2 protein chains.
Amino acid sequence: MTAEIHHGDCIEVMRTMPGGSVDAIVTSPPYAEQRKSTYGGIPEADYPAWTVAWMAEAWRVLKPNGSVIINIRPHIRNGQVSDYVLHTRLAIRAAGWNECEELIWKKGGPPMGSTHRPRRSYESLLWYAKHGRPYADPKAAGPSSTRIGLEYGRLGPHRHSGQRPPSTGTARVSDVVEVNTVRNKKSDGLNDHPAPFPVELAEWMGKLICPPNGTILDPFSGSGSTGVASVRNGWKFVGIDAVEKYVEMSRERLKEEAA
Amino acid sequence: MTAEIHHGDCIEVMRTMPGGSVDAIVTSPPYAEQRKSTYGGIPEADYPAWTVAWMAEAWRVLKPNGSVIINIRPHIRNGQVSDYVLHTRLAIRAAGWNECEELIWKKGGPPMGSTHRPRRSYESLLWYAKHGRPYADPKAAGPSSTRIGLEYGRLGPHRHSGQRPPSTGTARVSDVVEVNTVRNKKSDGLNDHPAPFPVELAEWMGKLICPPNGTILDPFSGSGSTGVASVRNGWKFVGIDAVEKYVEMSRERLKEEAA
DNA sequence: ATGAGGAATGAATCCCCAC
DNA sequence: GGTGGGGATTCATTCCTCA
């Protein structure tokens with residue numbers, strides 16, 4: 001196992017990394033001003049340029065066939081979906097990235113948000129690469145009707161009753177993946193992060209875009225879920241976070257995972 | 001029951017309608033050039049302006065608290081997601097519309113398309129209104145984990161094992177709705193349309209944004225699924241389609257539905 | 001009737017080969 | 001070389017047939 005987590009600004013840390021050394025980047029950056037108290041926040045107007053900046057350095061460290069998956073979803077304010085994600089997507093494309101797909105992470109979890117609206121229960125996983133055909137293994141990540149950590153029921157009117165086992169890997173994954181959110185245990189020092197995404201989701205993304213024994217980078221590694229997923233799947237991991245507390249927390253988490 | 005279907009260009013037909021007479025607009029317009037042989041196709045570069053044009057007339061016929069749901073998803077070409085939908089969303093907003101939410105229709109159906117990518121199994125439902133708080137009833141459309149036309153299994157860690165009946169309407173719907181695609185029966189004259197969306201999906205959208213006994217407009221009514229949903233739920237319906245064959249087909253379908 | 005099994009189908013995408 | 005059309009690919013679901 002090779003897993004390292006650095007403390008600092010991700011652009012500066014990436015600058016110290018050799019070019020073309022990373023197979024896949026899997027990350028959940030701060031959503032503009034939504035985690036302001038922890039990460040300082042990025043004004044929505046600056047978010048496209050801020051994203052293009054860190055992705056420019058990511059381009060350098062990424063292999064030619066590597067790719068990037070970014071977890072994000074715009075918030076709603078005054079009943080309107082914020083438009084900074086639309087502008088950011090256009091800015092990323094204008095910077096030369098190929099938008100391969102918008103994948104959907106369907107979360108379980110408790111109802112949140114306005115009672116005048118449907119329950120918000122998904123987030124986008126924006127997938128970018130240097131060209132139109134990066135490395136990807138759509139069969140590695142599981143059956144096509146991917147419902148991870150949930151039980152398999154019948155997905156539709158189908159003659160064969162009862163539980164259906166996960167496929168043996170001959171079917172491509174769906175672009176909608178269902179994974180329940182992890183509970184944010186405030187009392188658990190190892191998981192006390194404002195927005196950790198589930199390890200199973202990181203594993204799904206890694207299986208899709210990281211080759212066996214490859215290297216994954218998470219420039220906003222937070223609680224370290226991408227690192228845990230890497231350890232469990234034999235990928236080398238490089239994590240970066242600007243908050244020292246989370247760096248220490250996730251180092252500890254990886255140490256426990258390896259034990 | 002009041003249901004009428006007009007033949008013609010939707011802008012011209014809408015011009016004949018009184019202002020402020022429609023509660024909800026539910027539609028699936030042609031996706032740029034994807035149904036070119038049937039509808040002539042709209043060049044991607046023209047698509048934002050084309051959309052803004054018909055929505056301008058839609059604004060006039062829509063009540064102050066009414067809203068619009070548009071079904072669309074960009075195609076992939078050469079490994080890249082087409083960007084015309086992003087530009088169209090920005091253009092719609094620039095025209096004064098409030099983007100309330102991007103809802104997700106998770107389709108069932110067969111895995112087609114590139115073997116190098118996850119199976120594409122969802123489409124977006126873009127929801128627009130004149131302001132930030134249009135009429136909406138998130139509890140009317142069903143249980144929060146909406147899986148329509150499919151059997152209910154356990155969606156997650158849940159005490160009660162086995163099948164769970166649909167809720168009685170106390171829970172808000174999710175922003176991800178699962179409905180299988182309808183089979184395109186080429187031999188069935190009443191359903192011979194290149195891309196009919198399921199009646200159940202139209203019902204779900206109508207329950208969300210159309211008040212009881214309200215009026216629904218579908219400016220690209222195609223095979224008439226929105227009309228069928230309206231008849232089944234007591235909404236008044238106005239459909240418009242540019243292809244006479246589909247107008248006749250859907251009139252026939254509504255006649256059978258009423259019988 | 002009921003259920004098992006086979007065949008057909010699908011808002012696709014990509015590759016490849018004429019022209 | 002660029003452009004455009006035809007064919008291969010792929011499997012969940014539906015439909016149909018037959019025991």
Side-chain angles (χ1 to χ4, degrees), chain A residues 98-102 127 129 131-134 136-147 152-162 164-176, chain B residues 27-42 44 47 70-82 84-85 104-126 147-151 153 178-188 191-198 200-202 220-223 225-226 241 243 246:
Chain A
N98 182 295
E99 185 172 303
C100 298
E101 189 59 283
E102 179 180 358
W127 180 18
H131 54 79
R133 195 165 161 177
D137 188 350
K139 295 184 179 180
S144 60
S145 294
T146 314
R147 193 169 296 155
Y152 277 80
R154 289 169 41 168
L155 290 179
H158 197 271
R159 205 58 58 94
H160 310 292
S161 62
R164 186 182 57 178
S167 119
T168 49
T170 56
R172 286 180 292 149
V173 293
S174 166
D175 53 2
V176 179
Chain B
T27 196
S28 182
Y31 298 1
E33 313 236 33
Q34 289 194 260
R35 290 278 73 90
K36 197 170 184 173
S37 61
T38 307
Y39 287 102
I42 302 98
E44 292 191 21
Y47 202 85
I70 301 167
N71 165 223
I72 197 165
R73 186 177 189 190
H75 59 270
I76 286 176
R77 194 163 43 201
N78 299 324
Q80 171 127 355
V81 177
S82 177
Y84 79 94
V85 173
I104 299 293
W105 167 29
K106 183 177 187 313
K107 309 186 283 188
M112 295 181 66
S114 171
T115 57
H116 306 284
R117 296 301 178 84
R119 186 167 63 89
R120 302 192 97 206
S121 60
Y122 76 90
E123 300 202 9
S124 291
L125 304 169
L126 300 172
R147 190 169 298 157
I148 294 171
L150 304 170
E151 299 190 33
E178 299 185 33
V179 186
N180 281 343
T181 48
V182 295
R183 182 184 131 99
N184 188 349
K185 299 176 189 168
K186 288 230 174 70
S187 58
D188 178 353
N191 204 15
D192 180 16
H193 184 269
F197 57 69
E200 290 79 5
L201 180 64
F220 305 94
S221 63
S223 64
S225 296
T226 307
D241 203 90
V243 178
Y246 297 135

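So that the names make sense, note that chain A is the first sequence line, chain B the second, and so on, each numbered from 1. As a basis for the values below, the full set of heavy atoms in this structure was taken, side chains included, without hydrogen atoms, waters or symmetry mates. Since the structure is predicted, the reported quantities are computational estimates derived from the model, not experimental observations.
Whole-Å rounding puts the B:Lys107 NZ to C:dA11 C1' distance at 6 Å. Atom CZ of A:Arg172 is separated from atom P of D:dT13 by 14 Å (rounded to the nearest Å). Summarising the geometry, the separation between CG on B:Asn71 and P on C:dA11 is reported as 12 Å, rounded to the nearest angstrom. Atom CG in A:Asp175 sits roughly 16 Å away from atom P in D:dC11 (whole-Å rounding).
Stem regions for DNA chain C, each three or more consecutive Watson-Crick or G-U pairs with both distances under 3.5 Å and listed by first number, read C:2-10 with D:11-19, C:12-19 with D:2-9.
Residues satisfying the ring pair (Phe, Tyr, Trp, His ring centres under 6.0 Å) criterion with B:Tyr122, sequence neighbours excluded, are absent altogether. Qualifying side chain to side chain donor-acceptor pair (under 3.5 Å) partners for B:Gln80, counting only residues two or more places apart in sequence or in other chains: A:Asn98. Under the rule for a side chain to side chain donor-acceptor pair (under 3.5 Å), the partners of B:Thr27 that lie at least two apart in sequence or sit in another chain are B:Asp218. In this structure B:Ser114 satisfies the side chain to side chain donor-acceptor pair (under 3.5 Å) test with no other residue, sequence neighbours excluded. Residues meeting the ring pair (Phe, Tyr, Trp, His ring centres under 6.0 Å) test with B:Phe197, sequence neighbours left out: none. For the side chain to side chain donor-acceptor pair (under 3.5 Å) test, residues two or more places apart in sequence or in another chain that qualify with B:Asn71 are B:Ser28, B:Tyr31, B:Glu123. A:Asp137 meets the side chain to side chain contact (heavy atoms under 4.5 Å, CB included) test with A:Tyr135, A:Lys139, A:Ala140; sequence neighbours excluded. Partners of B:Arg73 by salt bridge (Lys or Arg N to Asp or Glu O under 4.0 Å), not counting sequence neighbours, listed by chain and number: A:Glu101, A:Asp175.
A donor-acceptor contact shorter than 3.5 Å is absent between the side chain of B:Arg119 and the backbone of A:Val176. Although no hydrogens or angles enter the test, the distance criterion places no donor-acceptor pair under 3.5 Å between the side chain of B:Arg117 and the main chain of A:Ala136.
On a pure distance criterion of 3.5 Å, a polar donor-acceptor pair joins the side chain of B:Ser28 and the base of C:dA11.
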Quick one: what's the B/S/- string for nucleotides 12-19 of chain C, heavy-atom cutoff under 4.0 Å, read 5' to 3'?
-> BSSS----
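You'll find the side chain of B:Trp105 reaches within 4.5 Å of the side chain of B:Thr181, heavy atoms only.
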Check: protein-nucleotides 1-7 of chain D nitrogen or oxygen pairs below 3.5 Å:
none

